Amino acid sequence: MSNEADNLSVEQQRVDHVIKEISKKEEKLYSRATGLKENVIELRKKFWEDVTINLDEPDDVIETEASIKQQAELLSERESVHGKVGEELKTFEKLKNSPYFGRIDFVEDTAKENDQLYIGIKSLMDYEEENFLIYDWRAPISSLYYDYSPGKAIYETIEGKITGEITLKRQFIIREGLIKGMFDTGVTIGDHLLQQALGHNASTTMKSIVATIQKEQNKIIRNERSDLLVVQGVAGSGKTSAALQRIAYLMYRYREELHADNVVLFSPNPLFTSYISNVLPELGETNIRQETFLDYLEKSVGDNLSVESPFKQMEYVLTENGSDTYAIRMKGMHYKSSLDFKDMIDEFSTQLINDGIQFRNITFRKNILISKEQISDYFYSLEKEIATPNKMELVLKWILKEIRTIQKEEKNKDWVMDQVELLDKEAYLKAQYELQRQDEKTGFDDASVEEEYLRSQVVKKYFSSIKKRVKRFEFVHVLATYRRFFTDWNPQTTPEYWKEICDQTASDLSRKYLTWEDATPYLYFKGTLLGDDRADRSVRHLIIDEAQDYSAFQFAYIQHLFPYTRMTLLGDVNQAIYTYATEENPLIPETFLGNHERITLSKSYRSTKQIVEFTKYFAPGEEVIEPFNREGSKPRIRRNNKEDLAAELIDSIQSIREKGLQTIAIICKTLQESETIYNLLQDEVTIDLINEETYSYQQGLLVLPIYLAKGIEFDAVIIPDASKQAYFMESDRTLFYTACTRAMHELVMVSGKEPCTFIEEAPKDTYEMN
């Protein structure tokens with residue numbers, strides 16, 4: 001038997017031993033889980049048997065509530081423990097399938113013996129809890145596996161730096177407890193392991209990359225010192241995967257400080273949110289808060305306003321360039337995305353210290369309790385030196401005081417007694433109990449005392465909704481005040497076409513409609529009046545994916561909301577499809593960046609070498625793009641007569657499927673084009689249309705606009721119209737590049753007689769034409 005076969009046999013014996021240890025621990029945990037499950041079931045069955053229920057007397061009502069609460073807390077605690085045991089059992093199942101993926105033999109300088117360290121997704125000790133069988137990939141010592149080749153190496157612990165030598169570095173592919181591949185390597189992650197991981201078909205959810213983390217990705221993951229980490233990564237470089245592993249690492253490293261509730265990820269669209277939702281659970285961590293920036297803004301807008309999504313804005317830009325309002329709106333988009341516009345809002349807010357804030361009447365039963373004029377007079381009677389949000393707090397307290405006075409007067413009116421007579425028996429019982437508690441001497445025969453109490457409760461109930469609205473500052477008419485910014489105010493300096501921009505914006509606001517370029521400025525302005533209730537001080541870490549698509553104003557607003565939050569920004573200047581909104585503004589303004597660290601990922605792992613070699617020639621930026629050495633077919637350009645488009649597409653789909661590829665995306669420039677293609681093909685093949693309301697997708701044939709494909713990968717991509725007529729402006733470059741780089745294995749571009757100019761920038765030997 002060869003030395004290689006000997007090594008494989010020894011390693012398989014160890015895998016078998018580890019699985020036996022897991023099975024023993026699993027059996028012990030199963031017996032505990034069974035006992036807990038039976039306990040939970042028994043508690044649920046006997047819940048009401050163990051609760052004392054008596055509603056006849058006021059004292060009995062209180063006792064019943066206490067009994068229900070106690071039983072519910074006991075059940076909740078048992079269910080929580082049972083849930084944790086269930087999660088541990090799931091981890092054991094994963095480990096039995098593939099216990100680990102790497103091994104390093106390390107000799108510390110101060111020691112003589114080799115330590116054999118096996119690296120996996122979770123730490124595991126033997127049944128006696130004495131020795132480590134597997135080290136968590138996030139453990140300090142595991143960094144050796146990702147950062148060093150055999151030879152001198154160093155890693156950091158809480159106690160300090162440990163130096164030594166790696167004498168062996170081995171990688172495994174283990175499936176269902178059997179070693180399918182084993183490689184000794186001198187580089188970070190051997191090509192064998194990475195080739196196999198990248199050669200599979202696309203999945204509908206992103207997978208964790210812990211077994212194939214590259215050295216440059218590991219720098220992102222284990223970076224603990226940077227308050228602001230900026231990752232510029234080319235398409236398919238694994239920047240999003242690395243950022244999610246980074247969160248998993250930080251949650252492991254700072255277990256007491258960082259947890260799922262205080263980490264937030266802004267993703268580019270709902271489909272992408274669903275796509276990445278499995279990564280952290282796969283690593284044994286609870287999913288963090290994931291939402292789009294649109295979701296985040298919509299929660300704060302209020303005033304029954306509707307907000308245009310960035311995708312609808314994009315659709316407008318790409319399809320409405322013949323409309324009368326197009327040129328003015330494009331000017332407005334550019335200006336409202338800038339820091340100059342933020343300065344203008346600050347100037348307007350300063351002017352409002354003297355006059356101009358619009359207020360609302362506070363009404364009750366169609367009567368004005370406190371008029372908007374009274375509120376305005378009180379606000380502007382306060383000292384000018386007091387900050388506007390603080391003055392609003394003082395106004396709020398004044399209004400509540402006035403309402404309490406009105407409430408007392410309202411109590412004796414006839415309508416209140418009408419409502420008292422409609423109360424049920426339970427309300428009367430509660431009233432008796434409360435009166436008894438307040439004064440033991442008060443008898444139930446004293447009808448006037450009881451009536452007084454019931455009147456108070458009725459009025460309190462009806463006025464509570466008014467108080468809630470007041471506490472939400474609804475007495476301030478933010479929308480009307482913001483609209484005055486465009487109708488009644490003359491700033492010192494204005495951009496070109498300012499009057500036309502103002503007219504267009506005022507018209508939108510009168511319809512209670514916020515365009516995407518107005519949504520962030522409106523909320524920023526609202527914050528200058530009322531204070532920033534969306535400033536979530538509990539957020540400890542914020543990740544922004546596709547950061548290149550945020551405007552300068554949006555970045556400034558995010559910094560304003562999260563001034564003390566650590567951030568990780570992920571982006572690719574080559575995929576900046578929204579740069580029309582910022583033009584001269586840098587993708588990430590220096591005023592936002594301040595003190596930061598930047599890491600660049602230049603190697604693309606998603607697409608085959610042939611696809612990367614083709615797309616890099618028309619990439620918009622100047623960043624170096626290196627392909628990973630995974631061979632495949634050259635991108636294909638298919639000439640087509642428009643009348644035959646359906647047949648051409650079906651022929652392309654069939655040829656791709658013959659290669660065993662399952663997920664094929666027909667990526668269009670716009671949603672409008674996507675709907676046209678969908679209608680063209682839906683009677684011929686099974687196809688799904690993806691729009692901004694789509695939250696997940698299945699493997700198969702899809703059609704979607706480019707801006708919803710960001711961050712996602714597919715086995716094959718078909719661009720149904722890659723002609724000069726479709727992609728002819730320089731601003732189309734990022735769109736076309738983004739569409740092409742979604743493909744893992746196959747890229748097909750259908751065009752008429754003249755392919756788009758971006759294709760012509762690539763050498764003819766980088767693609768095929770038929």
Side-chain angles (χ1 to χ4, degrees), residues 299-305 345-416 419 434 438 452-485 487-489 509 512 521-537 560-561:
K299 291 173 187 174
S300 293
V301 164
D303 284 328
N304 298 314
L305 290 167
I345 289 176
D346 289 335
E347 185 185 339
F348 178 65
S349 299
T350 303
Q351 181 265 327
L352 291 174
I353 293 171
N354 299 312
D355 182 42
I357 297 176
Q358 305 296 291
F359 295 95
R360 286 192 175 100
N361 295 325
I362 295 172
T363 60
F364 178 65
R365 294 175 63 82
K366 298 182 180 180
N367 295 317
I368 296 176
L369 300 181
I370 306 172
S371 71
K372 56 189 178 184
E373 291 81 10
Q374 287 174 289
I375 298 172
S376 180
D377 289 344
Y378 185 82
F379 177 87
Y380 283 109
S381 71
L382 297 169
E383 294 290 336
K384 290 183 180 180
E385 289 73 21
I386 303 172
T388 300
N390 294 341
K391 286 166 79 170
M392 289 298 180
E393 288 283 351
L394 294 174
V395 174
L396 182 150
K397 290 177 182 176
W398 170 75
I399 291 173
L400 291 177
K401 184 180 177 183
E402 292 293 305
I403 288 175
R404 283 194 292 272
T405 302
I406 296 167
Q407 190 174 323
K408 288 176 184 176
E409 295 169 358
E410 203 73 22
K411 184 176 65 175
N412 299 315
K413 293 186 178 178
D414 292 342
W415 73 268
V416 180
Q419 295 299 317
E434 290 296 331
Q438 289 172 22
E452 182 76 8
Y453 178 80
L454 289 169
R455 277 177 173 272
S456 299
Q457 293 305 301
V458 166
V459 174
K460 182 180 178 182
K461 175 186 174 184
Y462 276 83
F463 272 77
S464 66
S465 61
I466 297 175
K467 290 176 181 176
K468 283 178 183 175
R469 292 199 298 274
V470 169
K471 288 175 182 177
R472 292 197 296 264
F473 295 98
E474 290 183 22
F475 59 88
V476 186
H477 204 326
V478 180
L479 179 62
T481 311
Y482 187 66
R483 192 170 182 275
R484 279 194 67 250
F485 177 57
T487 58
D488 302 339
W489 185 62
L509 296 176
K512 294 193 171 183
Y522 173 78
L523 278 179
Y524 174 71
F525 173 71
K526 184 178 179 181
T528 66
L529 294 184
L530 310 181
D532 289 298
D533 61 330
R534 289 294 284 153
D536 193 340
R537 306 302 179 193
H560 177 69
L561 287 180

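This structure is a prediction, so every number in the text was calculated from the model and none was measured.
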Candidate pair I375 and I362, rule side-chain contact (heavy atoms from CB on, under 4.5 Å), full reasoning:
CA-CA 9 Å; I375 298 172; I362 295 172; 4.0 Å; yes

K372: partners by side chain to side chain donor-acceptor pair (under 3.5 Å), with sequence neighbours left out
none

Can you name the residues that form a side chain to side chain contact (heavy atoms under 4.5 Å, CB included) with I368, not counting sequence neighbours?
N361, T363, S371

Do you know the tightest heavy-atom contact between V478 and F525?
O-CE2, 4.0 Å

Can you tell me how far the NZ atom of K397 sits from the CD atom of E402, to the nearest 0.5 Å?
15.5 Å

Without swapping roles, check the side chain of Y380 against the backbone of I357 for a donor-acceptor pair under 3.5 Å.
yes

Taking the side chain from K526 and the backbone from D532, do they hold a donor-acceptor pair closer than 3.5 Å?
no

Can you sort out the partners of Q407 under side chain to side chain donor-acceptor pair (under 3.5 Å), two or more places apart, ordered by chain and number?
K467

Under the rule for ring pair (Phe, Tyr, Trp, His ring centres under 6.0 Å), what residues qualify as partners of W398, not counting sequence neighbours?
Y378

If you round to the nearest 0.5 Å, how far is CG of L561 from OG of S300?
8.0 Å

Validation row: V395, L382 side chains within 4.5 angstrom (heavy atoms):
yes

Roughly how far, to the nearest 0.5 Å, is the CG atom of L529 from the CD atom of Q358?
10.5 Å

Partners meeting salt bridge (charged side-chain N to carboxylate O under 4.0 Å, His left out) with D377 (sequence neighbours left out)
none

Taking salt bridge (charged side-chain N to carboxylate O under 4.0 Å, His left out) as the definition, give me every residue that meets it alongside R484, ordered by chain and number, with sequence neighbours left out.
D488

Just list the side-chain donor-acceptor pairs under 3.5 Å for residues 384-393, sequence neighbours left out, or say none.
| from | atom 1 | to | atom 2 | distance (Å) |
| --- | --- | --- | --- | --- |
| K384 | NZ | N354 | OD1 | 3.1 |

Can you check whether I466 reaches F475 side chain to side chain, under 4.5 Å on heavy atoms?
no

Give the intermediate values and the outcome of side-chain contact (heavy atoms from CB on, under 4.5 Å) for residues K471 and L400.
CA-CA 9 Å; K471 288 175 182 177; L400 291 177; 4.0 Å; yes

Report the residues that fulfil side chain to side chain contact (heavy atoms under 4.5 Å, CB included) with S464, sequence neighbours left out, ordered by chain and then residue number.
none

I'd like to know whether Y522 forms a side-chain contact (heavy atoms from CB on, under 4.5 Å) with L479, so could you lay out the CA-CA distance, the side-chain angles of the two residues, the decisive distance to 0.1 Å, and finally the verdict.
CA-CA 8 Å; Y522 173 78; L479 179 62; 4.1 Å; yes

When rounded to the nearest 0.5 angstrom, what is the spacing between NZ in K408 and OG1 in T405?
6.0 Å

W489 and E347, any side-chain heavy atoms less than 4.5 Å apart
yes

Taking side chain to side chain donor-acceptor pair (under 3.5 Å) as the definition, give me every residue that meets it alongside T528, ordered by chain and number, with sequence neighbours left out.
S349

My understanding is that only residues two or more places apart in sequence, or in another chain, count here; which of them pass salt bridge (charged side-chain N to carboxylate O under 4.0 Å, His left out) with R472?
E474

Out of curiosity, I353 CD1 to E383 CD, how far, rounded to the nearest 0.5 Å?
12.5 Å

Taking ring pair (Phe, Tyr, Trp, His ring centres under 6.0 Å) as the test, write out the residues that go with F359, two or more places apart.
F379

Residues forming a ring pair (Phe, Tyr, Trp, His ring centres under 6.0 Å) with F364, sequence neighbours excluded:
W415, F463

Determine, stepwise, if the pair Y524 / D346 fulfils side-chain contact (heavy atoms from CB on, under 4.5 Å).
CA-CA 9 Å; Y524 174 71; D346 289 335; 2.5 Å; yes

